[in-house]
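Taking it in order: structure first as structure tokens, then the write-up.
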Amino acid sequence: MMINRKYLQKSQHPHPHIGQLIKRVMREKKITQAEVARRMALTPSSIAKYFRQPSLQFGILWNLSMVIGYDFLTALTDYYPPSLPLNEDAKIVKELAEKEQRIADMEKEIAIYKAALGIKA
């Protein structure tokens, strides 16, 4: 069978099956298909169709994030290849860098306190 949609063809960095990701998150959060459908003003069968989709439009994924209360967009970054740099201007990346710096500073403080108290590491 020939695949006409380029985004569905096998590539070096295949994307995760979005429908299965949504289904797994709903199961973990114990949110039913009927509840998500109600919140989105859709039919439960429409939500079931999403589960079969390897890819979804951004707007649909955004709306699902809002009604399920789960950040699918950040979760998808877990599937990026390690060589792909994250957007340095993204809020979450900046917050992570700040927290990593804070941890490094605290580790230095702990080392100073241990040295002052004569505690060997």
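Treat the numbers as computed from the prediction; the structure is a model and nothing was measured.
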Exercise for the section: Quick one: list whatever passes side-chain contact (heavy atoms from CB on, under 4.5 Å) with Lys29, sequence neighbours left out. Expected result: Val25, Ile31, Ile68, Tyr70
Completion exercise
To the nearest 0.5 Å, atom CD of Gln101 lies from atom CE of Met106 at 12.0 Å
Problem - Listed partners of Phe51 passing side-chain contact (heavy atoms from CB on, under 4.5 Å), at least two apart - result: Ile22, Lys23, Met26, Gln33, Ile47
Practice task
Kindly state each residue pair satisfying salt bridge (Lys or Arg N to Asp or Glu O under 4.0 Å) with at least one member in residues 37-56, sequence neighbours excluded.
Solution key: Glu35-Arg38, Glu35-Arg39
Problem - Under 3.5 Å donor-acceptor, Thr77 side chain and Thr74 backbone - result: yes
Fill in the blank from the handout: When rounded to the nearest 0.5 Å, the distance separating CZ of Arg102 from CG of Asp105 is 6.5 Å
Practice task
Can you establish whether the number of heavy atoms outside Glu109 located under 6.0 Å from its atom CD is more than 12?
Solution key: yes
Practice task
Indicate yes or no: at least one non-hydrogen side-chain atom of Trp62 is less than 4.5 angstrom from one of Leu73.
Solution key: yes
Problem - Stepwise side-chain contact (heavy atoms from CB on, under 4.5 Å) check, Leu86 with Tyr80 - result: CA-CA 9 Å; Leu86 296 177; Tyr80 285 170; 3.9 Å; yes
Completion exercise
The reported gap from CG in Asp71 to CG in Leu76 (rounded to nearest 0.5 angstrom) is 8.5 Å
Exercise for the section: Spell out, as yes or no, whether a donor-acceptor pair under 3.5 Å connects the side chain of Ser46 to the backbone of Leu42. Expected result: no
Exercise for the section: Determine, stepwise, if the pair Arg24 / Leu21 fulfils side-chain contact (heavy atoms from CB on, under 4.5 Å). Expected result: CA-CA 5 Å; Arg24 179 182 54 80; Leu21 174 62; 2.8 Å; yes
Practice task
Give, for atom CD1 of Ile103 and atom CD of Glu107, the distance between the pair rounded to the nearest 0.5 Å.
Solution key: 7.0 Å
Problem - Value rounded to 0.5 Å, distance of OH in Tyr79 from CG in Leu84 - result: 15.5 Å
Handout entry: Neighbour count >12 (heavy atoms, 6.0 Å) for atom CD, Glu88
Key = no
Problem - Rounded distance [0.5 Å steps], OH in Tyr50 versus CG in Leu56 - result: 7.0 Å
Handout entry: Steps toward side-chain contact (heavy atoms from CB on, under 4.5 Å) verdict (Ile18, Gln53)
Key = CA-CA 7 Å; Ile18 303 301; Gln53 299 300 316; over 6 Å; no
Problem - Minimum-distance pair of heavy atoms, taken over all atoms of Pro44 and Ala34 - result: CG-CA, 4.3 Å
Handout entry: Close side-chain approach of Lys94 and Lys91, heavy atoms under 4.5 Å
Key = no
